[in-house]
Amino acid sequence: MTDGINHHREGLTTSHHDWSMLQVGKLLENQPIVIISVEDASEVLLKNGVSSAPIYDSGRKMFIGMFDYSDLMTYILLVLKKMEVPLEDQTMEMRDLIQKTNHSQNVPVKLVSDLSGNDPFCTVLAETKLGAVVNDFGTGIHRVAVMDSQGNMTGVLTQSLTLDYLMRHLSEFPQLQPVMQKGLQQLGLTGIKVLSVTGETQVLEALIIMSTNGVSSLAVVNDQGVLLGNISMADVQYIMKDLRTSWLWLSCFQFVSKVRLSRGVETGEDQYPVLDVNAKSTFGYTLSKLQATKVHRLWIINDTNHVVGVVSLTDVFKVLSGYIDS
Amino acid sequence: MVLDLDACIESLFQRQLLAESVIKEICEKTKELLMSESNVVHIKAPVTVVGDIHGQFYDLLEIFKIGGYCPDTNYLFLGDYVDRGLYSVETISILTCLKLRYPDRVQLVRGNHESRAVTSTYGFYTECMKKYGTSDVWHYFTDLFDYLTLSVVIDNMIFCVHGGLSPSIHTIDQIKVIDRFKEIPHEGPMADLVWSDPDPGREEFAVSPRGAGYTFGSMVVEKFLHENRMDHILRAHQLCMEGFQVLFDDQLSTVWSAPNYCYRCGNLASILEIGVEGERHFNVFEAAPENERPTPAEAQRTLFSNGVPQSLFSNGGGGSNGAGVGGGPNGAMTFAGASGSNGGIDPAQDTIHYFL
């Protein structure tokens with residue numbers, strides 16, 4: 001089936017092929033690349049509706065890293081002196097950054113790239129098989145930069161993009177059918193303690209908890225433990241928009257409300273207050289919901305609306321990587 | 001207490017809030033009335049159908065000016081009475097009174113915003129707290145919402161619902177057996193009816209990007225109409241810049257009745273007038289003229305539940321910005337002076353009274 005050559009063929013194929021043998025370059029057809037210079041980084045993320053972008057150093061004429069909301073959040077916490085990094089763990093860039101923030105100087109984005117330490121800049125060739133990348137996605141890498149043989153970046157392959165592709169072409173991959181029918185409990189995704197905050201917790205406090213625990217999102221619950229909403233690192237974009245830093249001191253409940261209100265006006269459609277999935281749902285339904293709502297994780301709830309687990313894109317790929325025929 | 005509905009309605013038209021005890025009683029009586037309504041209410045034309053209002057009280061008044069007042073005009077409201085706008089309380093109060101006063105001439109369908117979970121974060125809860133000081137009024141109304149019907153059928157030909165169709169519902173009879181007297185669930189047929197959206201690019205159902213309900217396509221619409229021997233689906237739920245939208249070869253329409261949504265989208269709105277022979281006409285309108293509405297600052301004035309209005313403006317507009325009022329989580333509110341930018345309204349005169 002696969003002869004190592006990327007046939008650019010439109011439409012559905014009638015022959016089955018192994019999804020894990022897809023070349024990653026194929027998933028990136030028609031993707032525009034957002035390249036930013038060292039200034040105005042979060043403005044660009046916001047305007048383009050992406051959660052990360054590669055950073056191009058026009059001086060050295062090369063890609064030097066990635067910038068995402070996790071990095072932005074780490075930057076904010078450093079600036080607000082809410083995070084201490086021991087001297088021996090500080091890179092040169094970090095020391096430079098801290099020094100600049102201490103003197104209130106403008107900080108070029110290259111110093112903030114890959115700051116969080118999560119999700120470092122990874123590159124793969126366009127011919128790389130999807131199965132290999134899916135394995136990486138299952139370990140927590142959210143995106144890889146895809147290069148051609150000349151070392152030029154052809155695009156960024158994210159977990160979201162990959163999920164979307166697989167779901168749209170699902171009929172071509174019958175080997176995925178069995179896992180789609182499995183329940184979330186069967187796949188071991190429930191019965192896990194998840195990190196949560198109450199609605200009264202301050203947003204800044206929530207960001208610190210996320211940073212300290214290395215998670216990208218927290219469930220927001222009421223005092224009975226019932227799920228009310230979600231706060232995630234990507235929400236930092238709403239604080240950076242128009243530099244509304246005062247929002248850092250709102251309660252999570254108020255913050256979630258403000259975010260919902262502004263998003264609904266932009267799209268003319270309000271979203272359901274909480275993005276969750278019932279523990280009795282199938283894996284396939286869960287993937288459809290992740291794909292449709294474009295979120296990076298869904299809280300798993302039981303019949304009394306208490307959180308009993310979470311399924312993130314990383315969890316999805318961890319499951320899928322178990323279904324690759326080696 | 002003897003309830004004088006006509007007097008209540010009259011005050012509400014003046015944008016005067018009803019006392020908490022009056023709201024409690026109105027909600028109680030309306031629940032009794034709604035309890036006997038089926039999940040599918042059958043009515044006859046002529047009727048004027050109204051889409052999302054979202055607390056835009058002045059635009060509701062505009063609707064009555066354009067479409068006619070109750071009971072001269074029969075009305076069918078398709079839900080989303082509250083949240084986002086500044087006058088959700090006044091809007092739902094007047095609609096509840098009108099339903100109670102003219103039960104056969106006013107139909108109220110439940111929208112996705114008629115829910116505790118949604119109103120907690122989209123504005124209605126906050127507005128109730130600001131205008132009454134406690135959450136009791138929010139409780140009375142959200143309990144009432146549990147009783148609102150889910151759909152209406154006009155002349156056995158037009159199926160009317162807030163959102164759209166459900167993969168679990170093929171016939172009208174299946175809607176009738178739903179237990180609707182509860183908070184809208186996260187999933188299932190009741191959630192689908194209030195959350196779903198049509199998708200002209202598709203033929204079948206797909207999971208909705210909203211996180212509840214489904215999107216549904218042309219084949220779903222055709223099949224539903226055919227099986228239930230009807231010829232049109234009428235719904236609201238989605239913003240339409242032109243005030244309405246017709247899809248699937250005139251088998252489905254969306255009616256949207258909140259012009260200049262959130263006071264900034266710049267969209268038109270419409271009401272759908274259905275004549276005796278079933279003729280459909282979208283009556284399009286713009287936002288009510290600026291100088292007939294108060295500034296957002298005035299709308300945010302707080303009132304104490306003992307009936308004493310707190311006057312926040314002294315004569316001549318002496319009170320300067322802030323003074324600890326209206327600067328709540330909804331962001332900074334600037335106060336207009338007594339003259340100038342607010343179009344000539346004198347805030348000192350425009351106090352809000354309680355109707356006791």
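Every chain is numbered from 1 and lettered A, B, ... according to where its sequence line falls, protein lines coming before strand lines.
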So what's closer than 4.5 Å to chain A heavy atoms on B:Tyr261: side chain, backbone, both or neither?
side chain
State whether A:Lys280 and A:Asp303 are salt-bridged, where the test is any N-O pair (Lys NZ or Arg NE/NH1/NH2 against Asp/Glu carboxylate O) under 4.0 Å.
yes
Is the ring pair B:His162/B:His237 parallel, tilted or perpendicular, if the boundaries are 30 and 60 degrees?
perpendicular
Do we see a donor-acceptor contact under 3.5 Å between the side chains of A:Asn278 and B:His186?
no
Please state whether the rings of B:Phe145 and B:Phe141 are parallel, tilted or perpendicular, taking 30° and 60° as the class boundaries.
parallel
Looking at B:Arg84 and B:Gly55, would you say the former's side chain and the latter's main chain have a donor-acceptor pair under 3.5 Å?
no
Measure B:Thr215 against the heavy atoms of chain A and call it side chain, backbone, both or neither at under 4.5 Å.
neither
Given a strict heavy-atom distance threshold of 4.5 Å, which part of A:Asn305 is in contact with chain B: side chain, backbone, both, or neither?
side chain
Ordered numerically, the heavy-atom neighbours of chain B under 4.5 Å found in residues 177-193 of chain A are none
Under a 3.5 Å threshold, yes or no: a donor from one side chain and an acceptor from the other, between B:Ser88 and B:Thr91?
no
Looking only at the aromatic ring of each residue, does the gap between the centers of A:His169 and A:Tyr165 stay below 6.0 angstrom?
yes
Pick one of side chain, backbone, both or neither for B:Tyr125, based on which atoms fall under 4.5 Å of a heavy atom in chain A.
neither
With a 3.5 Å cut-off and no angle check, do the side chains of B:Thr119 and B:Trp138 form a donor-acceptor pair?
yes
Residue-level contacts of residues 285-295 of chain A with chain B, using a heavy-atom cutoff under 4.5 Å
A:Tyr285, A:Ser288, A:Lys289, A:Ala292, A:Thr293
Measure centre to centre between the rings of B:Phe124 and B:Tyr81, then say whether the value is under 6.0 Å.
no
Could B:Arg235 and B:Asp52 be called an ion pair, given the rule that one side-chain N must be under 4.0 Å from one carboxylate O?
no
Proximal component of A:Leu298, with respect to chain B [non-hydrogen, under 4.5 Å]:
neither
If I measure from the heavy atoms of chain A, does B:Gln238 come under 4.5 Å with its side chain, its backbone, both, or neither?
both
Can a donor-acceptor pair be found, under 3.5 Å and without considering hydrogens, that links the side chain of B:Gln56 to the backbone of B:Pro259?
yes
N/O donor-acceptor pair under 3.5 Å between B:His113 side chain and B:Gly111 backbone:
no
